[in-house]
Amino acid sequence: MDCLFCAIIDGDIPSRQVYADDTAVAFLDINPLHRGHTLVVPRLHVSDVLADPETLSLIAPAIQRTGRLLVERLGADGMNLLVNSGAVAGQEVFHLHVHLIPRYADNPGMRGLLQRSPAADLDEVQRQIVGS
Ligand code: AMP
C-alpha cells in the first residue's frame, strides 16, 4: 500500500515527531496554518474517520496528550481540532489524521483559522515542544 503517513510512521519518510504512543504518532504539519500545527495519526491504516467506528476513540488519549503538550510548551491560548473526511472536504492524505491547530490571542476566532501565521522554523518549533 502506498501511503504517505504509513511511511512516516514506519520511519521511511522523515517527520518532526512531537509525541508517540502505542496507538498513534504526532508530528508537525509540513505546511502549518499556525505555529505548532500538528497531525495526530493512528498507527493503524484507516482511510478516513468515517471508515471505521473505533479508531478515533482509540487515539483520543494521544490527541489529548499532544494537545496539552502544545498548550504547555508553545503557550497557545486555545486550539482547533479538525478532521477532514473525503476529498470534497479537503482531505488530501487518505490515512485518518486529526489536525491540532494551536491558536493565539493575536489572531482569534474561526475567521482566523485559515489566515496563516508567518512561516515558523519547524525545527525550532519541534525543539520547543519536545524540549531538546
Ligand atoms: P488533509 O488535507 O486533512 O488530508 O491534511 C493533510 C495534511 O498533511 C496537510 O495539512 C499537509 O500540509 C500535511 N502534510 C503533507 N505531507 C506531509 C509531510 N510529509 N509531513 C507532514 N505533514 C504533511
Side-chain angles (χ1 to χ4, degrees):
M1 186 170 25
D2 190 17
C3 171
L4 172 62
F5 287 172
C6 284
I8 287 177
I9 290 165
D10 290 344
D12 296 333
I13 291 178
S15 71
R16 295 177 180 85
Q17 190 171 303
V18 296
Y19 177 83
D21 64 21
D22 288 350
T23 67
V25 172
F27 51 86
L28 295 182
D29 194 296
I30 206 166
N31 189 20
L33 284 167
H34 294 276
R35 184 182 177 84
H37 181 170
T38 294
L39 304 174
V40 180
V41 181
R43 290 184 181 276
L44 193 69
H45 181 90
V46 172
S47 64
D48 66 86
V49 71
L50 301 182
D52 176 85
E54 288 171 357
T55 306
L56 187 61
S57 58
L58 189 72
I59 67 169
I63 294 168
Q64 194 271 349
R65 287 178 192 136
T66 304
R68 294 294 317 166
L69 198 59
L70 297 176
V71 166
E72 287 162 13
R73 299 288 169 84
L74 299 179
D77 301 298
M79 186 167 299
N80 293 104
L81 271 63
L82 176 70
V83 184
N84 299 324
S85 184
V88 74
Q91 186 176 6
E92 293 177 351
V93 179
F94 287 83
H95 180 135
L96 169 58
H97 51 282
V98 180
H99 295 256
L100 272 57
I101 307 170
R103 300 298 303 277
Y104 303 91
D106 62 351
N107 185 9
M110 283 289 286
R111 288 183 195 282
L113 176 60
L114 300 179
Q115 293 166 7
R116 287 177 194 276
S117 54
D121 178 340
L122 294 180
D123 291 329
E124 199 275 321
V125 172
Q126 183 193 24
R127 273 195 296 277
Q128 195 175 345
I129 297 168
V130 301
S132 60

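Basis for what follows: all heavy atoms, side chains included, without hydrogens, waters or symmetry-related copies. Whatever order the structure lists them in is the order used to number ligands and atoms, beginning at 1.
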Donor-acceptor contact present, side-chain [X] to main-chain [Y], <3.5 Å:
X: Gln91; Y: Ser47; value: yes
X: Tyr104; Y: Ser117; value: no
X: Gln115; Y: Arg111; value: yes

**Request:** Could you list all the ring-ring contact (aromatic ring centres under 6.0 Å, His included) pairs where at least one residue sits in residues 37-79, not counting sequence neighbours?
**Result:** His37-His99, His45-His95
**Message:** Taking atom CG as the centre, does Asp12 end up with more than 12 heavy-atom neighbours from other residues, nucleotides or ligands that are less than 6.0 angstrom away?
**Reply:** yes
**Request:** Could you tell me whether Arg116 atom CZ has more than 12 heavy atoms of other residues or ligands within 6.0 Å of it?
**Result:** yes
For ligand 1, list all ligand N or O to protein N or O distances below 3.5 Å, rounded to 0.1 Å.
| residue | atom | partner | partner atom | Å |
| --- | --- | --- | --- | --- |
| ligand 1 | 2 (O) | Gly90 | O | 2.7 |
| ligand 1 | 2 (O) | Glu92 | N | 3.3 |
| ligand 1 | 3 (O) | Asn84 | ND2 | 2.9 |
| ligand 1 | 3 (O) | His97 | NE2 | 2.9 |
| ligand 1 | 3 (O) | His99 | NE2 | 2.8 |
| ligand 1 | 4 (O) | Glu92 | N | 2.6 |
| ligand 1 | 4 (O) | Val93 | N | 3.0 |
| ligand 1 | 4 (O) | His97 | NE2 | 3.0 |
| ligand 1 | 5 (O) | His97 | NE2 | 3.0 |
| ligand 1 | 5 (O) | His99 | NE2 | 3.3 |
| ligand 1 | 10 (O) | Asp29 | OD1 | 3.3 |
| ligand 1 | 10 (O) | Asp29 | OD2 | 2.5 |
| ligand 1 | 12 (O) | Asp29 | OD1 | 2.6 |
| ligand 1 | 22 (N) | Ile30 | N | 3.2 |

